[in-house]
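Order of listing sets the numbers, starting from 1, for every ligand and every atom in it.
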Amino acid sequence: MQVSIEPLRLEDARAIVEAEDEQTVRWLSEAKSTVEGTTEFIAQLARDAERGKPKRVFGIWLDGTFVGTIDFDPDVTDGLEPGDVNIAYGVAPSVRGRGVAARAVELICATIQERAVGKRAVIRTDARNAASSRVAEKAGFVHLRDVHITTETLEDGSPVVMHVYGRDLT
Ligand SMILES: CC(C)(COP(=O)(O)OP(=O)(O)OC[C@H]1O[C@@H](n2cnc3c(N)ncnc32)[C@H](O)[C@@H]1OP(=O)(O)O)[C@@H](O)C(=O)NCCC(=O)NCCS
């Protein structure tokens with residue numbers, strides 16, 4: 001199994017849409033994607049990067065096939081500390097459970113380190129998203145703390161809890 005991460009290209013838009021399921025929408029993208037909207041999203045990312053924004057999105061490739069996305073963004077600050085670089089990811093349902101996400105996280109940590117983007121990689125994951133927490137643990141992250149999200153509540157009125165995981169890169 002060969003996993004690699006490559007900078008996202010406009011022509012990856014269709015593969016992103018095809019790799020999406022209800023879990024991706026729930027935990028990552030927040031809305032169902034279209035090829036047109038995703039193409040514009042990728043173009044906007046490139047324009048933002050040209051203007052100096054630090055967020056970078058990569059395609060995850062498994063044995064030559066596009067199977068998901070992973071990004072880093074040091075501009076995410078909610079629940080984080082200066083020097084933290086937030087990582088988020090999604091993998092197509094057909095290849096889940098084979099270690100693809102954990103390997104992609106290791107690869108993006110190496111990229112963050114090489115480019116000296118920040119001091120610590122962090123993953124914030126909803127406490128209900130056990131698979132994502134497991135990815136963080138498998139990639140060598142340690143649980144730092146839990147934070148309560150104030151903008152969302154569970155059905156019983158209790159706050160949504162996010163686990164924050166970190167891995168030092170220095
Ligand atoms: C989270 C996600 C990226 C994991 O991708 P993946 O390639 O399957 O991840 P890995 O195979 O590296 O690891 C998944 C781990 O979670 C475990 N897992 C999967 N579903 C689980 C569940 N419901 N409860 C507990 N553990 C679960 C797997 O068994 C595996 O652990 P193991 O290797 O110890 O057996 C994928 O499920 C996904 O795209 N989900 C939707 C988007 C998302 O949640 N993104 C995270 C936002 S930060």
Is any side-chain heavy atom of Q23 less than 4.5 Å from a side-chain heavy atom of L28?
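No, side chains not in contact.
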Heavy-atom check, side chain of D126 versus side chain of H163, under 4.5 Å:
no
Considering only NZ, NE, NH1 and NH2 on the basic side and carboxylate oxygens on the acidic side, decide whether E81 and K119 come within less than 4.0 Å.
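Salt bridge between E81 and K119, a charged N being under 4.0 Å from a carboxylate O: no.
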Would you call D21 and R96 a salt bridge, taking side-chain N to carboxylate O under 4.0 Å as the test?
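A salt bridge is present here (some side-chain N lies under 4.0 Å from a carboxylate O).
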Every residue of the protein that comes under 4.0 Å of ligand 1, judged on heavy atoms
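Only Q23, T24, W27, Y89, G90, V91, R96, G97, R98, G99, V100, A101, A102, R124, N129, A130, A131, S132, R134, V135, K138 have heavy atoms that fall under 4.0 Å of ligand 1, ordered by chain and number.
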With sequence neighbours left out, what residues match E40 under side-chain hydrogen bond (donor to acceptor under 3.5 Å, both in side chains)?
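For E40, the residues satisfying side-chain hydrogen bond (donor to acceptor under 3.5 Å, both in side chains) (neighbours in sequence not counted) are R47.
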State whether the side chain of E6 and the backbone N or O of F58 hold a donor-acceptor pair below 3.5 Å, judged by distance alone.
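Flag not set: sc E6 to bb F58 has no pair under 3.5 Å.
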